[in-house]
Amino acid sequence: MGQCGITSSKTVLVFLNLIFWVEDEVDNSIQKVYNEYNGTYPDAASRAIDYIQRQLRCCGINNYSDWENTQWFKQAKNNSVPISCCKANLSNCTGTMSHPLDLYAEGCKVLVVKKLQEIMMYVITAALAFAAIQLLGMLCALVVLCRRSGDPAYEPLITGGTYA
């Protein structure tokens, strides 16, 4: 039981460290995925970016102007961002950068990091609860052990000082 408590404590420390590490890793990963975007549905990077932008209501890494630095934007040559950057309540949005009010203003990096940190906080809370339950179990076992050793009715199974 003690080993599990130690392991839980180490797990909590690892997750606390991950919270700070996640922002740097997300920055590198999201930049790579944005560079691989090609706008086609079967492409995994394109689907991932479109999904994130729609679900989190964001556009680009830091903002919609980040799209200007991608291969997709340079090849398309139409001065627009993906349709997934369009605000959900607009049906006639084409993603053109000449209408920035039609696009989500906030970048996705901050929102992805915030979401991941929120998820990790749930994991850390569960690990801390597990560690607290284990600590309570060890405390109860210690109380029972201390009470048993002072009980005069308690007799060892082996008498006579010889042990097998």
Atom of Glu106, atom of Val110 and distance for their closest heavy-atom approach: OE2-CG1, 4.2 Å

Minimum heavy-atom distance between Met97 and Ser65, given as atom pair plus value: CE-CA, 3.8 Å

Under 3.5 Å donor-acceptor, Thr70 side chain and Phe73 backbone: yes

More than 12 heavy atoms from other groups under 6.0 Å of NZ on Lys114: no

Main-chain N/O of Gly60 paired with Gln53 side-chain donor or acceptor, under 3.5 Å: yes

Within the 6.0 Å centroid threshold, strictly below: Trp72 and Tyr34: no

Any donor-acceptor pair under 3.5 Å from Asn63 side chain to Ala105 backbone: no

Distance-only criterion, 3.5 Å: show the donor-acceptor pairs between side-chain atoms of residues 74-81 and protein atoms not counting sequence neighbours.
unit_1, atom_1, unit_2, atom_2, d
Asn78, OD1, Ser80, N, 3.3
Asn78, OD1, Ser80, OG, 2.8
Asn78, ND2, Ser80, OG, 3.1

Euclidean distance, Cys85 SG relative to Tyr64 OH, rounded to 0.5 Å: 10.5 Å

Any pair counted as disulfide bond (SG atoms under 2.5 Å apart), so long as it reaches residues 105-140, sequence neighbours left out: Cys58-Cys108

Backbone N/O of Cys93 and side chain of Lys87: donor-acceptor pair under 3.5 Å: no

Stepwise side-chain hydrogen bond (donor to acceptor under 3.5 Å, both in side chains) test for Ser98 and Thr96: CA-CA 5 Å; Ser98 59; Thr96 181; 3.0 Å; yes

Between CG on residue Leu56 and OH on residue Tyr51, distance to nearest 0.5 Å: 8.5 Å

Interatomic distance, Ile124 atom CD1 to Gln117 atom CD [nearest 0.5 angstrom]: 9.5 Å

Rounded distance [0.5 Å steps], CD in Gln31 versus CD in Glu36: 11.0 Å

Transitive ILVMFWY side-chain link Tyr104 to Leu111, under 4.5 Å: no

Note, Lys109 side chain near Val112 side chain (heavy atom, < 4.5 Å): no

CZ (Arg57) with more than 12 external heavy atoms under 6.0 Å: no

Considering all heavy atoms, the nearest Pro82-Asp50 contact: CB-OD1, 3.9 Å

Atom pair SG (Cys59) and CH2 (Trp67), whose distance is rounded to the nearest 0.5 Å: 7.0 Å

Contact summary for Ser46 and Gly39, nearest pair of heavy atoms: OG-N, 3.1 Å

Interatomic spacing from CD1 in Ile30 to CG in Asp66 - rounded to 0.5 Å: 9.5 Å

